[in-house]
There are 2 protein chains.
Amino acid sequence: VESGYEFDLEGRVERSADELYNATITDRWGALGKRANGGFLLALCVAALREEVPLPDPLVLSAFFLRPVLAGPAQISTELVRAGRRVATGEAHMSQDGREVVRTVASFTDFAKASGRTLVSGTMPDLPPPRDCVDPLASTPRGPIGIGARVEVRMPTTPGWITGAPTGDTTMTMWMRWRDGRPTDLWSLPVFVDAAVPAVLELGEMASSTVELTAHLRAHPAPGWVACRASTRFLMDGYHEEDFEIWDSTGVLVAQSRQLALLL
Amino acid sequence: VESGYEFDLEGRVERSADELYNATITDRWGALGKRANGGFLLALCVAALREEVPLPDPLVLSAFFLRPVLAGPAQISTELVRAGRRVATGEAHMSQDGREVVRTVASFTDFAKASGRTLVSGTMPDLPPPRDCVDPLASTPRGPIGIGARVEVRMPTTPGWITGAPTGDTTMTMWMRWRDGRPTDLWSLPVFVDAAVPAVLELGEMASSTVELTAHLRAHPAPGWVACRASTRFLMDGYHEEDFEIWDSTGVLVAQSRQLALLL
């Protein structure tokens with residue numbers, strides 16, 4: 001991919017040897033202080049697996065975040081686990097300074113060859129048009145930084161945590177797109193499922209660290225805005241899940257994810 | 001563990017070498033024809049990882065089902081991926097006849113040392129007492145077999161698929177426990193999250209095959225009946241998710257799972 005878009009320039013990997021890739025993580029993808037955003041790291045693992053797995057579309061991804069990842073070089077080793085006719089599975093290990101930081105297992109499929117039944121009972125978030133929504137980070141003193149400067153979010157109202165008055169409501173809906181105009185595609189979705197601030201910020205919590213994130217990618221999205229729904233329903237002894245749905249502008253569910261995280 | 005309970009006798013692994021275990025899978029844990037139930041296979045992987053990972057409680061488990069598993073011997077190799085203070089992660093590969101059949105990555109923690117905040121907005125399924133519910137498999141011509149004979153399910157009404165009149169409703173609530181009286185514990189939960197028939201049976205579908213299953217275990221359950229909620233909201237081109245919640249009899253959410261499956 002040769003484009004000037006940020007994600008195409010920085011979300012790519014370079015093959016260095018058999019089943020081995022290099023990535024360069026800049027501070028432009030930070031989430032929590034100096035730590036890189038988990039969804040971006042997952043996207044780098046998927047970019048490496050894409051080269052090794054003989055089916056085109058990532059279907060289900062599971063990433064375990066083992067250590068914090070900082071800006072700097074990273075290596076990704078891959079393994080083709082099993083190549084079936086409908087589903088093919090690979091595993092990627094991302095390391096920094098010789099220590100493993102993220103482990104991802106992913107199954108790919110070919111959506112173009114899927115031919116089964118469709119019946120959807122879930123519903124798309126009911127959001128005002130993006131132009132009638134607010135960019136929550138635009139009103140912060142520093143403005144958008146890190147992943148927030150790469151991915152634009154529009155919400156119906158300014159969230160409580162921004163103004164220092166958390167609402168206690170751990171469900172959120174929002175629009176999302178790349179700030180630099182890059183079209184939304186299947187490869188964007190691993191980033192988008194983890195690009196919003198955690199819903200627990202509305203409980204007055206400051207930060208949360210992901211142990212594991214599973215994402216299901218279900219269809220190629222239309223290129224523009226996507227509508228998202230985030231929710232946390234079970235905060236127990238500091239551990240919590242966060243669910244995320246992404247719908248494209250034509251009303252198709254394109255991704256669903258759940259993570260298990262720990263309050264910091 | 002030396003008990004006469006089926007799961008303790010058959011859900012165990014025997015260490016054969018460093019990071020290598022043997023299991024014997026009988027036809028008593030079948031789900032779909034002759035294939036072994038995925039949750040039981042996950043439980044075997046967890047039993048092996050339990051021996052290698054230096055924290056006591058499985059927290060988040062992700063299993064990829066690579067090939068059908070039949071009754072017979074299986075080998076499980078394990079790897080300790082990272083042992084942190086609050087979270088420790090391992091990986092298990094189950095093989096039959098030298099071919100890998102299930103790959104599981106799992107993080108463990110110590111629930112006794114968890115001390116963070118608790119705030120739960122999800123609600124327990126509203127079910128009549130188990131004695132006022134029906135055992136759906138009791139009315140089938142063959143009676144309960146395979147996993148259905150190991151795990152007892154009680155539902156408010158006889159499900160439509162049993163009587164040949166699927167309702168089209170892909171949400172189900174039910175009670176669950178071990179039929180042989182074994183107390184429900186943390187180790188039961190990987191089996192229970194996959195022990196119900198798929199919700200898509202209420203769409204008139206006959207069977208579904210799991211690609212990946214992620215389970216979050218959240219607390220040690222009380223020993224008896226657990227209340228469960230299953231739902232499928234997104235069947236798209238034959239691919240579907242299935243969500244599952246397990247609540248113990250004291251009203252605590254003890255497990256949450258999601259799988260990505262393919263209609264057969």
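Proximity of a side-chain donor or acceptor of Arg218(A) to a complementary backbone N or O of Tyr239(B) within less than 3.5 Å is detected. Within the 3.5 Å criterion, the main-chain N or O of Ser62(B) finds no donor-acceptor partner in the side chain of Ser62(A). Side chain of Thr118(B) to main chain of Asp237(A): a donor-acceptor pair is present (N/O by atom type, distance under 3.5 Å, no hydrogens or angles). A side-chain donor-acceptor contact under 3.5 Å links Arg82(A) to the backbone of Leu66(B).
Considering CG of Leu253(A) and CD of Glu241(B), their distance stands at 8.0 Å, rounded to 0.5 Å. Note: Met236(A) CE to Arg117(B) CZ = 15.0 Å, rounded to the nearest 0.5 Å.
Contacts of Phe64(B) with chain A are made by side-chain atoms alone, with heavy-atom separations under 4.5 Å and no backbone atom involved. If you measure heavy-atom distances from Asp169(B) to chain A, you find no contacts under 4.5 Å at all. Using a 4.5 Å cut-off between heavy atoms, Thr232(B) touches chain A through its backbone atoms (N, CA, C, O) alone. At a 4.5 Å heavy-atom cutoff, the contact between Ala106(B) and chain A is made by backbone atoms alone. Residue Arg99(B) does not touch chain A at all, counting heavy-atom pairs closer than 4.5 Å. Of the two parts of Ser257(B), only the backbone, made up of N, CA, C and O, holds a non-hydrogen atom closer than 4.5 Å to a non-hydrogen atom of chain A. For Ser107(B), the parts lying under 4.5 angstrom from a heavy atom of chain A are both the backbone and the side chain.
At most 12 non-hydrogen atoms from other residues, nucleotides or ligands lie less than 6.0 angstrom from CG of Asp97(A).
Highest contact tally toward chain A, considering only Val200(B), Val211(B), Leu203(B), is held by Leu203(B) [criterion: heavy-atom pairs under 4.5 Å]. Interface summary for chain A: among His240(B), Arg86(B), Glu91(B), the most heavy-atom pairs under 4.5 angstrom belong to Glu91(B). For the set Leu263(B), Val105(B), Thr123(B), the entry with the most heavy-atom pairs within less than 4.5 Å of chain A is Val105(B).
With sequence neighbours excluded, the residues forming a side-chain hydrogen bond (donor to acceptor under 3.5 Å, both in side chains) with Thr210(A) are Gln259(A), listed by chain and number.
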